[in-house]
Every structure is written in structure tokens, then in C-alpha cells.
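Input: a single structure, listed below in C-alpha cells.
Nothing fancy with the numbering, it's 1 onward along the sequence. Source: prediction; values computed, not measured.
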Amino acid sequence: MEIEYFFDPEENNWKDVWATWKKDSMSFLVDTLGVDQERLRLRDHAEDELSHYSEGTTDVEFHFPFGWSELCAAGAYRTDFDLNAHQDASGKKLTYRDPFTNKEFVPHVMEPSLGVDRAVLVTLLSAYTEEQLEGDDSRIVMKFKPEVAPITVSVLPLTNKLKEPAEALAEELSKTFRTDYDASGSIGKRYRRYDEIGTPLCITVDFDGEEDGTVTVRDRDTMAQERVKKEELVAYIREKTGL
């Protein structure tokens, strides 16, 4: 995936544009995808690496299990090479006229690029966590940011006798969040399954809730559990996940 960011080189210093794209590229990876910032670094290309049309290029590198390697290009300053080449080959003008100043010029290009497959890979690698719990117990958990977790919330009836209210709750939550329902196996095994696919919150429907209108919400990362009233559940999930 590439972005062709056009700008007026007389109004915008290319090094400032370059710096902005470096910052925004890192922010997208860390703040949106949840990539581990400690495993990222920026590397400017040396002069002998630059393409003949480039004044400056920066890669974002990620520390993979096999070592540091390129993840994406935070920005490549291609000057006006592309549009001038198209103009020369086609004989068509590719200048831009500023509607406010009436100034006409050939825009310069800053080009960040990102591969979908590598972005998914580093998101998975950053989320994958093995934790040692009390005693000899352990768990594998995918600590996805809620924005990219495949499932936001799962609804789990404590027993099959609670299937009907649990299914109704799951259907209601699915109107707002990416919701799953699971009634198979012990509640502990179900928690572990959802840890392994990175679900931020699990909601258990139990018999106490049938009496007082509450459910148990379990946090994926801390494993802490909290009783929440059903009518407050949507607001609670929004606050916990930011969605």
C-alpha cells in the first residue's frame, strides 16, 4: 500500500514533511496496530542506498525473531521526478494550480508505503505473550489492542441451563461490538481459548445474575473479574476498550 503525498516544495520544506511522515508512521504502528515500540526503529538510507530520484528515504525496521529487518517505508522523498517523467512521456501537463494563489507548479511527492502481510505479522508478534501464573500454571495470550482484536467481547453461560439469557445478551451486544458466544467446556477452558485469540473481555452469565441483574466481566490482561449490571454493560465495555 502506498500514499502519494503531494506538496508545494516552496511552501513546505521537504525535511519537515519527511519528519512528519516518520512520526505519523510510527504512531500508526504503535497507537493503532499495537506494535511493540521497543521492537521498532527508524533507519535513514545512506547516500549510496538512495534511488536516483530520491533525496531521502526512511525505513521502519522491526526486530523479528531472526533479527532486525524492514517493515515499511516511513517516507521516500521522490521530488518531482514522477510527474515530470509522466509529463515527458505523455506530452500532457501535470501541473497543479493553487485555487487561492493561482500559482501553477509541479508538485513534489513524499511516498510512505506499507505491506499488509508484514503489518499483520508484526501485530501478531507484538501481541503474542506467554505468561507464567501461580504454581505450574501458564497461559498464552494475544494482547491485541481492542481496535484490532477479532472479537471484542465473548458471552459465556456458566451452564447450559443459562443458555437462553446468555444468547439473548450476546445478540444484544452484537449490535454494538464484535461479539462471540461459547457454551462448550468448563468456564476456565473457555477463558483460556479467548485469551489465545486476544478477546479483551469475557462476560459470564451465572445464576446470581438471574437474581440481581448482573454479570461477571473478566479482563483478558489482568484476569480480574468484576460484577456489572446488565443495563450498564455497553457503557462499561466502551470505557474499558475505548470503542
Side-chain angles (χ1 to χ4, degrees), residues 1-64 68-127 144-150 152 176-178 238-239 241-243:
M1 301 183 292
E2 296 175 346
I3 294 174
E4 302 300 303
Y5 182 79
F6 298 103
F7 63 97
D8 181 351
E10 293 184 4
E11 297 293 330
N12 301 273
N13 184 291
W14 73 268
K15 290 187 177 180
D16 293 336
V17 176
W18 195 28
T20 297
W21 275 105
K22 292 180 190 182
K23 177 177 175 292
D24 289 349
S25 295
M26 292 289 278
S27 176
F28 171 72
L29 292 167
V30 174
D31 300 331
T32 301
L33 297 186
V35 177
D36 184 357
Q37 189 165 10
E38 296 299 315
R39 298 172 72 177
L40 291 172
R41 70 183 184 189
L42 293 168
R43 187 184 71 83
D44 293 345
H45 283 204
E47 282 192 27
D48 60 358
E49 293 180 88
L50 292 173
S51 303
H52 65 90
Y53 51 76
S54 176
E55 291 289 329
T57 297
T58 300
D59 288 339
V60 180
E61 296 186 333
F62 181 81
H63 193 263
F64 292 91
W68 288 99
S69 185
E70 179 188 349
L71 167 57
C72 62
Y77 177 41
R78 304 175 64 96
T79 67
D80 56 0
F81 173 82
D82 299 293
L83 292 182
N84 278 328
H86 285 306
Q87 283 190 138
D88 293 343
S90 67
K92 302 290 185 181
K93 285 182 61 176
L94 290 175
T95 55
Y96 172 77
R97 185 180 297 278
D98 188 309
F100 300 101
T101 66
N102 217 31
K103 175 184 176 182
E104 190 172 0
F105 62 97
V106 175
H108 283 215
V109 174
M110 187 67 67
E111 182 188 77
S113 62
L114 174 69
V116 176
D117 53 353
R118 292 190 190 188
V120 171
L121 176 59
V122 299
T123 301
L124 291 168
L125 288 170
S126 296
F144 291 123
K145 288 180 69 67
E147 295 91 330
V148 299
T152 305
T176 309
F177 307 104
R178 295 186 297 275
R238 287 194 185 281
E239 181 180 355
T241 63
L243 299 176

With heavy-atom distances below 4.5 Å as the criterion, would you say the side chains of Arg43 and His45 are in contact? yes
Smallest separation among heavy atoms of Met26 and Leu40, with atom names: CE-CB, 3.9 Å
Point-to-point distance, once rounded to the nearest 0.5 Å, from CZ of Arg41 to CH2 of Trp68: 5.0 Å
Step through the shown structure and confirm whether more than 12 heavy atoms of other residues, nucleotides or ligands are within 6.0 Å of CZ on Phe7. yes
Taken to the nearest 0.5 Å, the spacing of Asp88 CG from Leu83 CG works out to 11.0 Å
Arg118 side chain near Val60 side chain, heavy-atom distance below 4.5 Å: no
For Val35, does its backbone N or O pair with a side-chain atom of Ser126 as donor and acceptor, under 3.5 Å? no
No-hydrogen, no-angle side-chain donor-acceptor test under 3.5 Å, Glu104 and Thr95: yes
Just how far is it from atom CG of Asp44 to atom NZ of Lys22, taken to the nearest 0.5 Å? 3.5 Å
Lys15 NZ: over 12 foreign heavy atoms closer than 6.0 Å: no
Grab the two heavy atoms, one from Pro107 and one from Leu94, that are nearest each other, plus how far apart they are. CD-O, 4.0 Å
Does the side-chain contact (heavy atoms from CB on, under 4.5 Å) test come out yes or no for Cys72 and Leu29, once each step is laid out? CA-CA 10 Å; Cys72 62; Leu29 292 167; 4.2 Å; yes
So, do Val116 and Met1 sit near enough that their side-chain heavy atoms are less than 4.5 Å apart? yes
Any side-chain heavy-atom pair of Phe6 and Tyr96 under 4.5 Å: no
For Arg97 and Asn102, indicate whether the former's side chain and the latter's backbone hold a donor-acceptor pair under 3.5 Å. yes
Could you check whether any side-chain heavy atom of Leu125 comes within less than 4.5 Å of a side-chain heavy atom of Phe62, counting everything from C-beta outward? yes
Backbone N/O of His86 and side chain of Ser90: donor-acceptor pair under 3.5 Å: yes
Walk me through it: do Glu49 and Thr57 pass the test side-chain contact (heavy atoms from CB on, under 4.5 Å)? CA-CA 9 Å; Glu49 293 180 88; Thr57 297; over 6 Å; no
Would you mind reporting whether Asp8 and Lys103 have side-chain heavy atoms less than 4.5 Å apart? yes
Is there side-chain contact between Trp21 and Ile3, with heavy atoms separated by less than 4.5 Å? yes
I'd like to know whether CD of Gln37 has more than 12 heavy-atom contacts from other residues, nucleotides or ligands below 6.0 angstrom. no
Would you say Gln87 and Val106 make side-chain contact, with heavy atoms under 4.5 Å? yes
For the atom pair NE2 (His108) and OG1 (Thr79), what is the distance rounded to the nearest 0.5 Å? 6.0 Å
Heavy-atom pair with the smallest gap, counting every atom of Arg238 and Leu243: NH1-O, 3.2 Å
Report the relative orientation of the aromatic rings in Trp14 and Trp18; use parallel for angles under 30°, tilted for 30 to 60°, perpendicular for over 60°. tilted
If only atom types and distance count, is the side chain of Arg78 paired as donor or acceptor with the main-chain N or O of Glu4 below 3.5 Å? no
Main-chain N/O of Glu61 paired to Asp59 side chain as donor or acceptor, under 3.5 Å: no
Heavy-atom pair of closest approach, residues Ala74 and Pro112: O-CB, 3.5 Å
Hey, could you give me the CG/CG distance between Leu71 and Leu114, rounded to the nearest 0.5 Å? 6.5 Å
When rounded to the nearest 0.5 Å, the distance separating OG1 of Thr123 from CG of Leu33 is 4.5 Å
